[in-house]
Amino acid sequence: MAVEEIPVQGPPPQVVRPLGSYDEAAQAIIEALSRARCFQGWDPTELVWPVAGTTGGEVDLAGLERRLELVSAIDRGMPALRNRRLKEAYGHFSQAEAAYHEGTRIYLRLKKRFVDLGLGDEEGFLHLYQSLLVDTLAKVKPSAPAPGEGVLHDLGLARPPLEHAHRAAQALPTTALDDPRWSECFTIVSGGIETEVSLLEGLSEVVQRTLDQLAAGDLLATHYNVYSNFAWFGGSVWKVIVEADLLRRRLAGSNDVAEAILAALATDIRLGEEMLLKFFRAHLEEPAQIRPVAFWYGQPYSYLTRDLIDTVVRVVDRCEQLAGKVARSRLSSPKLPPLLTGQTEGCFLEYPDSGRQGTLSGWQRRVSMARWLLSSWKIGGLKKSLARAKIGRSARLELAWRQWLDWADTTLRHFRIEVKTRIDPAFFGIAQDLDLASGKHKVVFLPTHQSLLDHPVMYRVLSSLELREAMGWAGVQPCVMLARTNLARAGVKFGPWSMTMFGAPSQAFDRLLEEVDGYVTRDLASEAGSPLKRVVAMLAERPAVIYPMATTAAFGTQLFPLQHLLFAGLPQDVIIIPIALRGIHSLWPKIPKGNLNLNPGVVEAVVSPPMLGETTLMPKRRSLRFQLETASLVQAVHITNLLNPEVRV
């Protein structure tokens, strides 16, 4: 997926975004899918979303039946379309990935030789590289939409790869290439073959490979957000809402149907329609803006999808209460979609070798939970004792970290969870060229976030022999974590008084995390910049762990865009290491609300090769400060390592 040089282009055309009512949004989606040839064989006059008359009231029975026909057609066709689009995008990504990692090694060797020859320092080398990167970005042509996808761009649901970075780079001045150092000769190794090149040729190769990977990651992440997060999930829950509305209308006025159930069902249906409209609006938001207008990115979007799922579950439950009448009338009743029951087919689903391996009985679960709460309460006491101890900061951090490692081991043992750590083979060569074992680099681990068990699993991964050997750590290495405030607020509550599972009020526990563990807590309602700056300031002394999704997923295959403002706050000399925790969602799903259905199983932690901030983050200039493409690339790395790209039948 190579980028092409072209004359500088003007700004893209403005997109008209249908942000009206539920009915208007439904009609816009149908028209868009019609232009994408998703309704082949249909009479164009039939592609109209039925609405109530101008005098108000409800849609008539025939209109509800047509709604169900339209949505059912979308729901039937979307899984196959999703598979096709994701496989296409994955093909580009997998081709670019190996070349990108080899480009990282070329960059590191060129930099070392550059400094050794006395041509300048590392900062001067970075300036040369980034100048070339910006010049190339200003001339690239963002890929044209694939056949049938232009409508997604018109709606604002997708964008061409590298479009944002390309527009931003065009606003920056070009760099003169008359520096005599550009012509210096270097040796690079590509595909196992040594080649003599000029510095300009060598760095141009690195730039090309990096942009190819950024473009491929941007394409895959965008495809996933459109076809999986939006279309597949949205179409699945939309069909339940529409089918339930038709059933409700058919049963209205029946003497043997409780009006209270029908009224409650109608309320949930209207609530589902409102949330579907918010869901559509969320996906229309401009991803390059600093903050989402409403729901896109992180916790608000995740909560919206959780609420949608909870509402759909209630709708199905209420319809099942009408089962007797439905059976006698030979009417169809909505069922939970396969996406929410784990009975799906296709690509980019959870791996079969990891995840839940059994089921605990109710009694076993209560015993395991009680033991876990007891161990958590004990560690809270240990944290308080450590806060009072008169010891140095370094010793306190070491002891505090080991306390969490012990707690993680106890947690995983109670719930019979096995953790396997697998290091990508490409990790070791890059680590060697980086001299990662020296400990002089600023390292940030970016794990996926699918379950409430992520924290104990990550402690196990960070202390595993596999990761320690890959990183060159002689022993366990305390890390700084960016955690949200009130992380442990769930616990015991009596009126206005509450106590967390760690035996301390929520705010007091946040202080312990800061003072004893040296973590950084942040309020999700406040700006993320200041807490992140504190984390960055600590990178010189210890690695950091940041969950870039900022909240847990609502269902197993949900991986929404990462917050690019996080990447804008990272320093250029950072080393980014993505980690995918396979199978963890099925062990303790976040939904339904208050779910305590924990189960034993296996988590496989896949540690990706190090990614250089120097090559992959955009230069720290105002117009390129949002790092949208880098965030998309890390999301793509998470997608390809967390979920199986092969088709499962």
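Here the structure is a predicted model, which is why all the values come from computation and not from measurement.
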Inset, instruction - Determine, for Y227 and R82, whether the Lys NZ or Arg CZ falls below 6.0 Å from the six-membered ring centre while staying within 45 degrees of the axis. - result: no
Legend entry - Pairs involving residues 428-453, ordered by first then second residue, that meet salt bridge (Lys or Arg N to Asp or Glu O under 4.0 Å) (sequence neighbours left out): R105-D433, R109-D433, K442-D573
Legend entry - Partners meeting side-chain hydrogen bond (donor to acceptor under 3.5 Å, both in side chains) with R422 (sequence neighbours left out): E604
Inset, instruction - Could you tell me which residues satisfy side-chain hydrogen bond (donor to acceptor under 3.5 Å, both in side chains) with E196, sequence neighbours excluded, listed by chain and number? - result: T187
Are the side chain of [X] and the backbone of [Y] linked by a donor-acceptor contact shorter than 3.5 Å?
X	Y	result
S302	T552	yes
R460	V419	no
Q450	G556	yes
H166	L137	yes

For residues 392-400, which side-chain donor-acceptor pairs fall under 3.5 Å, sequence neighbours excluded?
| residue | atom | partner | partner atom | Å |
| --- | --- | --- | --- | --- |
| R393 | NH1 | E541 | OE1 | 3.4 |
| R393 | NH1 | E541 | OE2 | 3.0 |
| R393 | NH2 | E541 | OE2 | 2.9 |
| R396 | NE | L386 | O | 3.4 |
| R396 | NH2 | A389 | O | 2.8 |
| E398 | OE2 | R402 | NE | 3.1 |
| E398 | OE2 | R402 | NH2 | 3.3 |

Inset, instruction - Mind telling me whether Y301 and F560 have parallel, tilted or perpendicular rings, with 30° and 60° as the class edges? - result: perpendicular
Inset, instruction - Describe, in one word, how the ring planes of Y459 and W404 are oriented to each other, choosing from parallel (under 30°), tilted (30 to 60°) and perpendicular (over 60°). - result: parallel
Identify each donor-acceptor pair in which a side-chain atom of residues 119-129 lies under 3.5 Å from a protein atom, sequence neighbours left out, and give them as a table.
| residue | atom | partner | partner atom | Å |
| --- | --- | --- | --- | --- |
| D121 | OD1 | E123 | N | 3.3 |
| D121 | OD1 | G124 | N | 2.8 |
| Y129 | OH | T210 | OG1 | 3.4 |
| Y129 | OH | T615 | O | 3.1 |

Inset, instruction - Looking only at non-hydrogen atoms, find the nearest pair between A169 and V134 and report the distance. - result: CB-O, 3.7 Å
Inset, instruction - Of all the heavy-atom pairs spanning T521 and E514, show the shortest one and how long it is. - result: OG1-OE2, 2.7 Å
Legend entry - R85/E88 under salt bridge (charged side-chain N to carboxylate O under 4.0 Å, His left out): CA gap, chis, key distance, verdict: CA-CA 5 Å; R85 296 304 191 209; E88 291 169 356; 3.5 Å; yes
Can you measure from [atom1] ([X]) to [atom2] ([Y]) and round to the nearest 0.5 angstrom?
X	Y	atom1	atom2	result
L633	Q213	CG	CD	5.0 Å
L570	I546	CG	CD1	6.0 Å
L405	W407	CG	CH2	11.0 Å
L642	H585	CG	NE2	10.5 Å
D424	I579	CG	CD1	12.0 Å
Q208	T136	CD	OG1	7.5 Å

Inset, instruction - Could you tell me whether R582 and E350 make a salt bridge, using a distance below 4.0 angstrom between a side-chain N and a carboxylate O? - result: no
Inset, instruction - Using a strict cut-off of less than 4.0 Å between a Lys/Arg side-chain nitrogen and an Asp/Glu carboxylate oxygen, indicate whether K111 and E614 qualify as a salt bridge. - result: yes
Inset, instruction - Starting from the C-alpha separation in whole Å, work towards a yes-or-no answer on ring pair (Phe, Tyr, Trp, His ring centres under 6.0 Å) for H564 and H164. - result: CA-CA 12 Å; H564 51 79; H164 173 257; 7.5 Å; no
Legend entry - Residue pair K112, D116: steps toward the salt bridge (charged side-chain N to carboxylate O under 4.0 Å, His left out) verdict: CA-CA 6 Å; K112 184 179 185 304; D116 289 346; 2.9 Å; yes
Inset, instruction - Compute the centroid of each ring, for Y90 and then for F348, and state whether the two points are separated by less than 6.0 Å. - result: yes
Legend entry - Qualifying side-chain hydrogen bond (donor to acceptor under 3.5 Å, both in side chains) pairs with a residue from residues 636-645, counting only residues at least two apart or across chains: S608-N641
